[in-house]
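Worksheet: the structure to be examined is printed underneath.
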Protein chains: 2
Amino acid sequence: MPSQVSWSREVRRFIEAGGNTTHAFGLGRLIGRMFALLYLSPKPCSLEDISTHLDISKASASMTIRQLEEWHAVRHVPVEGDRRDFYEAETEFRIIVKQGLLPGIRKKLATAGGQIHRTLEAGASAPVSSDHSPAEIQIIKKRLRTAANLHKKLDGLLSSRLIEKLL
Amino acid sequence: MPSQVSWSREVRRFIEAGGNTTHAFGLGRLIGRMFALLYLSPKPCSLEDISTHLDISKASASMTIRQLEEWHAVRHVPVEGDRRDFYEAETEFRIIVKQGLLPGIRKKLATAGGQIHRTLEAGASAPVSSDHSPAEIQIIKKRLRTAANLHKKLDGLLSSRLIEKLL
DNA sequence: GACATCGTTTAGAATTTTCTAAATGATGGT
DNA sequence: ACCATCATTTAGAAAATTCTAAACGATGTC
């Protein structure tokens, strides 16, 4: 039955595409491959299932699965009479985005925003500089205020309920 | 004048924070440092200005500046009687997002979406598989349709004018 | 048209990140 | 209590990325 072959080939490609996608967004390749595998698994997978299917070590599987857990992208599910850890994918993307991704993004934004404000305050207490004319100082301050304003807007946007409505 | 010192120190920190931010989002550290430098520069910078201020080679400066140009985050500005290349930061974040970042994100999403559809189609023409029961096949197909639907929603969201209104 | 200066390319060095094997810790079964 | 089995930690190997120096090409100057 040749059609079966093309199906499993397409599944492998799906998994690799998942890896390429997360990698393209700077999240590492393994995390996407692993989520894709679990997402297409109707039944929970053990760590060894994962490491053999993805051809990685159990150590990698363990570390990556915990990253996925932090993002609420994967759930630990107990299996009757088996003390191994089994995992299944969270299929509600809304939950992954709201509880996993957005808090991480907001945290990163907060770090950046903090520095913008510190720079702005340092500029307020040091109005004269040797290598900038007064007019240039004004330009710099204006840009810092623009950046602070953008940061505020972005943070408000991410914390609003707008996003979950759209998903 | 000690306040001057703390100002320039805060500027250096601003630049490093810019680098850390882009790095956290998987874009490399240099690109953020360079944009931060140009964003706080009231007058255009030459490549050598940049490489000395950031303490990097001219080669790195050249490659990174072109990446920033692709994202419409930086503009090439001619300077009277000087054949060197000068650059200034785009201060309209709306332009950077709309013309620079969003197209790149949509392109990455399109790659992922294409594979979702291919997998879905392969599943349609290969309804029977040796390692999955019919009920499981149905679950997998449903999940693939959910993923395809999410992809469609995301792409629509990014291509709508909603985002520019929010910035 | 030769020289000087600047930007780009590229081959490979340096750094960072990712991955693994082995050791360790933990837990259930007998 | 001991053994077997599983997950985690960690130190270092492997791989990927980032950066640079040197060579090159292009362009303006004298």
Side-chain angles (χ1 to χ4, degrees), chain A residues 15-16 18-38 43-71 73-88 104 108, chain B residues 15-16 18-38 43-71 73-88 104 108:
Chain A
I15 289 171
E16 295 312 314
N20 290 337
T21 304
T22 50
H23 184 244
F25 285 104
L27 301 172
R29 187 164 268 125
L30 199 46
I31 206 161
R33 293 212 303 150
M34 193 177 291
F35 180 76
L37 170 66
L38 291 171
K43 53 182 79 165
C45 292
S46 71
L47 273 188
E48 201 165 9
D49 289 340
I50 295 169
S51 71
T52 58
H53 275 95
L54 297 182
D55 195 34
I56 57 173
S57 70
K58 241 178 34 170
S60 279
S62 176
M63 299 177 98
T64 307
I65 203 88
R66 272 190 304 114
Q67 215 181 335
L68 281 170
E69 262 186 319
E70 277 177 28
W71 294 351
V74 140
R75 256 195 308 266
H76 180 260
V77 283
V79 165
E80 187 79 18
D82 197 328
R83 72 186 177 90
R84 288 179 294 171
D85 290 349
F86 284 84
Y87 298 93
E88 67 181 10
K108 289 170 184 173
Chain B
I15 289 172
E16 295 312 314
N20 290 337
T21 304
T22 51
H23 183 245
F25 285 104
L27 300 172
R29 189 164 266 125
L30 240 191
I31 207 161
R33 294 212 303 150
M34 194 177 290
F35 181 76
L37 171 67
L38 290 171
K43 52 183 80 166
C45 293
S46 71
L47 273 188
E48 201 167 9
D49 289 340
I50 295 169
S51 71
T52 58
H53 275 96
L54 297 182
D55 196 33
I56 57 173
S57 69
K58 240 178 31 171
S60 279
S62 175
M63 300 176 97
T64 307
I65 203 87
R66 270 188 307 117
Q67 214 181 335
L68 281 170
E69 262 186 320
E70 277 176 29
W71 292 351
V74 138
R75 256 196 307 268
H76 180 262
V77 283
V79 165
E80 187 81 17
D82 197 328
R83 72 186 178 89
R84 287 179 295 172
D85 290 347
F86 284 84
Y87 298 92
E88 66 181 10
K108 290 170 184 173

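In what follows, every heavy atom counts, from backbone to side chain, and hydrogens, waters and symmetry copies are set aside. Per chain, numbering begins at 1; letters A, B, ... match sequence-line order. Because the structure is predicted, anything quoted here is derived from the model rather than measured.
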With sugar-phosphate meaning primed atoms plus P, OP1 and OP2, does R29(A) contact a base, only sugar-phosphate, or nothing at under 4.0 Å between heavy atoms? nothing
Return the nearest nucleotide to the side chain of S57(B); candidates are dT10(C), dG7(C), dA21(D). dA21(D)
If only side-chain N and O atoms of H23(B) are considered, is one of them under 4.0 Å from the OP1 or OP2 phosphate oxygen of dT17(C)? yes
Quick one: is dC19(C) close enough that its OP1 or OP2 comes under 4.0 Å of any side-chain N or O from S60(A)? no
For dC19(C), does either OP1 or OP2 sit under 4.0 Å from a side-chain N or O belonging to R33(A)? no
So if I take every side-chain heavy atom of R83(A) and compare against dT9(C), dC19(C), dT5(D), which nucleotide ends up nearest? dT5(D)
If you check the D85(A) side chain, which of dT20(C), dA7(D), dT8(C) turns out closest? dA7(D)
H76(A) near the nucleic acid: base, sugar-phosphate alone, or nothing, with a heavy-atom cut-off under 4.0 Å? nothing
Could you give the CE-to-C1' distance, from M63(B) to dA22(D), as a whole number of Å? 14 Å
Taking only the side-chain heavy atoms of A59(B) (C-beta and beyond), determine which of dT9(D), dT20(D), dT8(C) contains the nearest atom. dT20(D)
Side-chain atoms of R84(A) come closest, of dA7(D), dT9(C), dT20(C), to dA7(D)
Of the listed nucleotides dG7(C), dA7(D), dT9(C), the one nearest the side chain of L47(B): dG7(C)
Can you measure I56(A) atom CD1 to dT20(C) atom C1' for me and round it to whole angstrom units? 11 Å
